[in-house]
There are 2 protein chains.
Amino acid sequence: MRLTTKGRYAVTAMLDLAIHAGKGPVSLADISERQGISLSYLEQLFAKLRRNELVRSVRGPGGGYQLNREQQGINVAQVIDAVNESVDATGCGHTGSCQDGSICLTHHLWCDLSSQIHDFLSQITLADLMERSDVRTVAKRQDREHLSSFEDSLISAKVTA
Amino acid sequence: MRLTTKGRYAVTAMLDLAIHAGKGPVSLADISERQGISLSYLEQLFAKLRRNELVRSVRGPGGGYQLNREQQGINVAQVIDAVNESVDATGCGHTGSCQDGSICLTHHLWCDLSSQIHDFLSQITLADLMERSDVRTVAKRQDREHLSSFEDSLISAKVTA
DNA sequence: CAATAACCAACTATTTTGGTCAACTATTAA
DNA sequence: TTAATAGTTGACCAAAATAGTTGGTTATTG
């Protein structure tokens, strides 16, 4: 089992998407700026999120990504699963062939741990996260620090005019 | 955070040690045979376990390793920590500087998850594991399949005689 | 003294992570 | 219709971590 930046990035990006929903699709470039995640890496992650039908994409100018369901319908475990970071703590993938065909001494311990983690993460939805005060605070800070590409283009339009 | 064979091997080996305690020190060669873990890799893991005072060693013939405390005094979290597999799910090591000096959008989520996992694992002692029926079953199978080096030497002594 | 088994250091193969780069396709605004 | 935007795909890459191996040394016991 592993939980590295891959899974964390995916959850963070999905939460960013949830927070900035409502004003049309959100571009990966905006998420990249706000969350400090490389654009090309985000592309890879969102390809997987799309294949798992957690998001849908809109191409062309003004395009970007949108959540494919309501925020209450998406939980953290699903997002992590989607980017292939299994929350499985066993070495055998629950098959029980950890030691030449049979189960190893600690097989059931890792099974128990796996369901513990999965239960915890699957009970937390994007909607839950959005309501948290610490999340709202950080989101406000990020919005202040990074204008979206939309606002950006408005400003350069003014400057040009 | 990561939980790979390293942490699993460490817990498995410690449990093997607990199960075969009472008949003097247990050699790494025996653990290697029974649990199917490479001897030299075990050496590296036990160096760390010893530095963390979870085991003590006895050198020379008939030597090996022993638990440094009672089985109830050693929990799974301690063993995993000892081999440097942190059960920390945050990217910043709880410092809160995940995004250029400030906390990232999902910092508190990973903190919560970390303590969830740590609480779970620290409540399970080696003594608890030994009582489990699935552990006892697997241990019996392993003892049947692999004679200890002690029993082995008894047999070869008979053959020689 | 010889066998045993812990101890130690250095090296290696493989996998995973976290990316980059280039080429391509679909959409829309001018 | 054409340029710009933005997603899509695949190949590639460097660094780090994992899971070892090799080749010793030191301490202990029979």
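To find a chain, count down the sequence lines: A is the first, B the second, and so on, and within it residues start at 1.
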- Query: Does some side-chain heavy atom of B/Thr90 sit less than 4.5 Å from a side-chain heavy atom of A/Arg8?
  - Reply: no
- Item | Residues forming a salt bridge (Lys or Arg N to Asp or Glu O under 4.0 Å) with B/Arg136, sequence neighbours excluded | none
- Message: Please check this pair: side chain of A/Ser38 against backbone of A/Tyr41, looking for a donor-acceptor N/O pair closer than 3.5 Å.
- Response: yes
- Message: For DNA chain D, which residues of residues 54-63 of chain A approach it to below 4.0 angstrom with any heavy atom?
- Response: A/Ser57, A/Val58, A/Arg59, A/Gly60, A/Pro61, A/Gly62, A/Gly63
- Message: Any heavy-atom pair between the side chains of A/Ile37 and A/Ser32 that's under 4.5 Å?
- Response: no
- Item | Separation of D/dA6 P from A/Leu39 CG (nearest whole Å) | 10 Å
- Message: Between P on C/dT16 and CG on B/Leu3, what's the gap in Å once rounded to a whole number?
- Response: 15 Å
- Note on the structure: Rounded to whole Å, CD1 of A/Ile31 lies from C1' of D/dG7 at a distance of 12 Å
- Nearest-angstrom distance from the residue atom OH of A/Tyr41 to C1' of D/dT8: 18 Å
- Residue B/Tyr9, side-chain atoms from C-beta onward, closest of D/dG20, C/dC8, C/dG18: D/dG20
- Task: Return the nearest nucleotide to the side chain of B/Thr4; candidates are C/dT20, D/dA19, D/dG20.
- Result: D/dA19
- Among the candidates C/dG18, D/dG20, C/dC8, find the nucleotide nearest to the side-chain atoms of A/Thr5. C/dG18
- Item | Residues A/Phe46, A/Leu17; criterion side-chain contact (heavy atoms from CB on, under 4.5 Å); working and verdict | CA-CA 11 Å; A/Phe46 272 79; A/Leu17 210 55; 3.9 Å; yes
- Taken to the nearest whole Å, CG/B/Leu17 to P/C/dA5 is 15 Å
- Is it the case that A/Glu53 and A/Asn68 place a side-chain donor and acceptor less than 3.5 Å from each other? no
- Minimum side-chain heavy-atom gap A/Met130-A/Val135 below 4.5 Å: no
- Task: Quick one: the dot-bracket string of DNA chain C, using Watson-Crick and G-U wobble pairs with both distances under 3.5 Å, [ ] for crossing pairs and | for bases paired to another strand.
- Result: ||||||||||||||||||||||||||||||
- Task: Decide yes or no for B/Gln142 and A/Gln99: does some side-chain heavy atom of the first lie under 4.5 Å from some side-chain heavy atom of the second?
- Result: yes
- Item | Electrostatic pair A/Arg132-B/Asp112, nearest N-O below 4.0 angstrom | yes
- Check whether A/Ile19 and A/Val58 end up in the same hydrophobic cluster, where Ile, Leu, Val, Met, Phe, Trp and Tyr are linked by side-chain heavy atoms less than 4.5 Å apart. no
- From A/His94 NE2 over to A/Ser115 OG, what is the distance, rounded to the nearest 0.5 angstrom? 6.5 Å
- Query: With respect to the side chain of B/Gln44, which nucleotide from D/dG7, C/dC7, D/dT21 is positioned closest?
  - Reply: D/dT21
- Message: Between A/Arg50 and D/dG7, is there a contact of a side-chain N or O with OP1 or OP2 at under 4.0 Å?
- Response: no
- Item | Position toward the 5' end of DNA chain C (nearest nucleotide), B/Ser40 or B/Val26 | B/Val26
- Query: Reckon A/Ser38 touches a base, only the sugar-phosphate, or nothing at all at heavy-atom distances under 4.0 Å?
  - Reply: sugar-phosphate
- Establish, from distance only, whether the side-chain atoms of B/Trp110 and B/Ser114 form a donor-acceptor pair under 3.5 Å. no
- Item | Rounded distance in Å - CD (A/Glu43) to P (C/dT17) | 19 Å
Without placing hydrogens or testing angles, list every side-chain donor-acceptor pair under 3.5 Å for residues 120-127 of chain B, not counting sequence neighbours.
{"unit_1": "B/Ser122", "atom_1": "OG", "unit_2": "B/His118", "atom_2": "O", "d": "2.9"}
{"unit_1": "B/Ser122", "atom_1": "OG", "unit_2": "B/Asp119", "atom_2": "O", "d": "3.3"}
{"unit_1": "B/Thr125", "atom_1": "OG1", "unit_2": "B/Ala127", "atom_2": "N", "d": "3.4"}
{"unit_1": "B/Thr125", "atom_1": "OG1", "unit_2": "B/Asp128", "atom_2": "N", "d": "3.1"}
{"unit_1": "B/Thr125", "atom_1": "OG1", "unit_2": "B/Asp128", "atom_2": "OD2", "d": "3.2"}

- Can B/Arg141 and B/His146 be said to form a side-chain contact (heavy atoms from CB on, under 4.5 Å), step by step? CA-CA 9 Å; B/Arg141 189 196 77 214; B/His146 304 279; over 6 Å; no
- Protein-nucleotide distance (B/Glu33, atom CD; C/dA5, atom P), rounded to Å: 12 Å
- Task: Can you figure out which of C/dA6, D/dT8, C/dT20 approaches the side chain of B/Tyr65 most closely?
- Result: C/dA6
Tabulate atom names and distances for all N/O pairs under 3.5 angstrom spanning the protein and nucleotides 12-15 of chain C.
none

- Given atom CG of B/Leu42 and atom P of C/dC7, what is their separation to the nearest angstrom? 13 Å
- Query: In B/S/- notation, 5' to 3', how is nucleotides 12-17 of chain D contacted by protein heavy atoms closer than 4.0 Å?
  - Reply: ------
- Task: Please assess B/Val76 against B/Leu129 for the test side-chain contact (heavy atoms from CB on, under 4.5 Å), listing each intermediate value before the final yes or no.
- Result: CA-CA 9 Å; B/Val76 176; B/Leu129 288 177; 4.1 Å; yes
